[in-house]
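Every value quoted in this text rests on a predicted model; they were computed, and no experiment measured them. In what follows, chains are A, B, ... by sequence order, proteins preceding strands, each numbered from 1.
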2 protein chains.
Amino acid sequence: MDTDIGTSLQQPALEAFNGLTPDQYALVMQKGRVKKLQAKAYLFHQGDPAVNCFLVNQGRLKLTKLNEQGKEAIIRYVGPGELTAAVAVLRNRTYPVTAEAAAETNLTLWDKPAMMDLMHQYPDITINLLSMALERLDELQQRYLEICTEQVDQRIARSLLRFMQRAGVKVPHGIKIDIPLSRQNIADYTGTTLFTVSRTISRWEKRGWVKSGRESIIVTDPHALVQFAETG
Amino acid sequence: MDTDIGTSLQQPALEAFNGLTPDQYALVMQKGRVKKLQAKAYLFHQGDPAVNCFLVNQGRLKLTKLNEQGKEAIIRYVGPGELTAAVAVLRNRTYPVTAEAAAETNLTLWDKPAMMDLMHQYPDITINLLSMALERLDELQQRYLEICTEQVDQRIARSLLRFMQRAGVKVPHGIKIDIPLSRQNIADYTGTTLFTVSRTISRWEKRGWVKSGRESIIVTDPHALVQFAETG
DNA sequence: CGCTCTATTGATAAACCTCAAATACAGTGG
DNA sequence: CCACTGTATTTGAGGTTTATCAATAGAGCG
């Protein structure tokens, strides 16, 4: 685990188009269409026929999955520079998740044929996509390990740290997570209930590890959280 | 979920090399080296520098991940025709998981440079790898949803069904899972303890849904299991 | 100010884990 | 073939974690 937290925040990697010249990049972006989403608007639903691939320019998407009984798990948040729904487009499937704007969001999208063209024209894109998919696989495996082996409060600690690294901004007395996160969201992300999350975060607030408000969390003592995440 | 279980078992997909002519395929295989593993032998450990990419010809690999406290989660079993460790080779990382032979296993391996050459020479391979990575991501997302939202016995049911579909062979009164699976293995796969697994399977055995022995499970009533997995 | 949505907190119950002990099983060597 | 050994499995008792439910408080918005 990274012990030097808070120094290397937010590195919006436009990894999918790495290796392209600026001209090529401009061309690729021209081929896409732009779209805006209000907060809480849905982009697509799990089970919809997959038609587009999306790049987040600004804002953030929340990807969730529902089971038969209607219970929900948050798979991940997609931030600026990140791509989503390549899965479905490539394997000719319906979308395996639901995408909702967590805040006002700004996208570029390509339809299936366009995406296929790009991949054939610029093989680097395919390699980048593969690399990104493997990266996500790795992250999800890590989270799977955590949820299998650790108890709730440890998992919550890890989640906050993860959010902090991916969406942290410096504020006077700590690092603020720049995603509107309700207790329910954190619960859906860690596989617990909003009650347990609330109790846990209250406890940490009393210890001075975090400061929290309505749908907002500031981590004030990252090292304490890291320590707790690793040793319980 | 697939309701017509037991008819479409075991389809060893050599997906990585789809689209190659037989000649090309032969060439690719020639460039790899062959290796044999006894049951329980380790192929590589989490954290080892990644040097090779592996294709399982016969047998099965068990991929696991350990946390800081030494607790283990089984990420997946890799069967004939499936590839593993492409992650690490591509992203220039150490192996993110540990690979152990679950039974006597027979592999073909390529080192990093060879793998890179292949990907450049046959772009189809890159696309296939991407497709496979996305497929696994999808599967893991599904399992993540399950572990987040369902309780232990439901998850055990789903796991048995998953194993059955991937490694099931027909026997007189049901479908046998052709992997040596201890209670502990099932527990590590579903995120519970061997005791809970044991109790659960005993219950199902009394109901006639499964028949089990030492490290062996035969599913005798798949539909009952499916029903249970979906409704609890 | 009233309405709605989010968060807190407590009491209670359920699910599940931990630990201990007994039993079953497979393989080995006599 | 049998006894022996090491592992896997079963089962029970008891405790912990966490979910569930209910009631209350706070925040934001028109």
Side-chain angles (χ1 to χ4, degrees), chain A residues 38-40 62 67 69-74 100 102-103 146-160 177 179-207 210-218 228 232, chain B residues 38-40 62 67 69-74 100 102-104 146-157 159-160 177 179-207 210-218 228 232:
Chain A
Q38 297 300 323
K40 303 200 176 173
K62 182 180 81 176
N67 75 356
Q69 282 107 54
K71 288 192 193 167
E72 173 175 328
I74 296 181
E100 182 190 347
E146 289 165 13
I147 204 173
C148 278
T149 59
E150 290 168 359
Q151 34 197 57
V152 173
D153 44 5
Q154 256 180 300
R155 278 158 26 210
I156 296 175
R158 291 205 196 263
S159 304
L160 293 191
I177 294 172
I179 311 176
L181 275 185
S182 68
R183 302 292 181 263
Q184 180 68 58
N185 290 152
I186 298 174
D188 290 343
Y189 188 83
T190 49
T192 178
T193 64
L194 74 151
F195 307 102
T196 301
V197 172
S198 177
R199 277 181 242 275
T200 304
I201 290 187
S202 292
R203 205 179 317 132
W204 293 345
E205 197 148 8
K206 278 170 199 146
R207 295 184 199 163
V210 301
K211 242 188 89 43
S212 81
R214 189 188 171 93
E215 299 199 321
S216 116
I217 295 193
I218 297 169
F228 182 86
Chain B
Q38 297 300 324
K40 302 198 178 177
K62 182 180 80 175
N67 73 358
Q69 281 107 53
K71 289 192 193 167
E72 173 175 327
I74 296 180
E100 181 190 348
E104 195 177 312
E146 289 165 13
I147 203 171
C148 278
T149 59
E150 289 168 0
Q151 34 198 54
V152 172
D153 44 4
Q154 256 180 300
R155 277 157 27 209
I156 295 174
S159 303
L160 293 190
I177 293 173
I179 311 175
L181 275 186
S182 68
R183 301 292 181 263
Q184 180 69 58
N185 290 153
I186 298 174
D188 290 342
Y189 188 83
T190 49
T192 179
T193 63
L194 73 150
F195 307 101
T196 301
V197 172
S198 177
R199 278 180 241 274
T200 303
I201 290 187
S202 293
R203 205 179 318 132
W204 293 346
E205 197 148 8
K206 278 171 199 144
R207 294 184 200 164
V210 301
K211 243 187 88 45
S212 81
R214 190 188 172 97
E215 299 198 321
S216 117
I217 296 193
I218 298 169
F228 182 85

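The nearest pair of heavy atoms linking B:Ala187 to B:Leu194 is CB-N, 3.6 Å.
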What string of B, S and - do you get for nucleotides 22-30 of chain D, 5' to 3', if B is base contact, S is sugar-phosphate-only contact and - is no contact with any protein heavy atom under 4.0 Å? B---BBS--
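Between the side chains of B:Thr200 and B:Arg155, no donor-acceptor pair is found at a separation under 3.5 Å.
A:Ile156 places its CD1 atom 12 Å from the C1' atom of D:dT17, with the value rounded to the nearest Å. A straight line from CD of B:Gln151 to P of D:dA19 spans 11 Å, rounded to a whole angstrom. Rounded to an integer number of Å, the gap from B:Ile147 CD1 to D:dA19 P is 13 Å. Rounded to a whole Å, the CD atom of B:Glu205 is 7 Å from the P atom of D:dT10. In this entry the distance linking CG of B:Leu194 with P of D:dT11 reads 13 Å, nearest Å.
Between B:Lys206 and B:Arg203, every side-chain heavy-atom pair lies at or beyond the 4.5 Å cut-off.
Between the side chain of B:Arg203 and the base of D:dT11, no donor-acceptor pair of N or O atoms lies under 3.5 Å.
Protein chain A contacts DNA chain C from C:dC5 to C:dA11, reading 5' to 3' and using non-hydrogen atoms of the protein with a distance under 4.0 Å.
For D:dT11, the OP1/OP2 oxygens have a side-chain nitrogen or oxygen of B:Ser202 closer than 4.0 Å.
Here CD of B:Glu205 is found 9.0 Å from CD1 of B:Ile217. Values are rounded to the nearest 0.5 Å.
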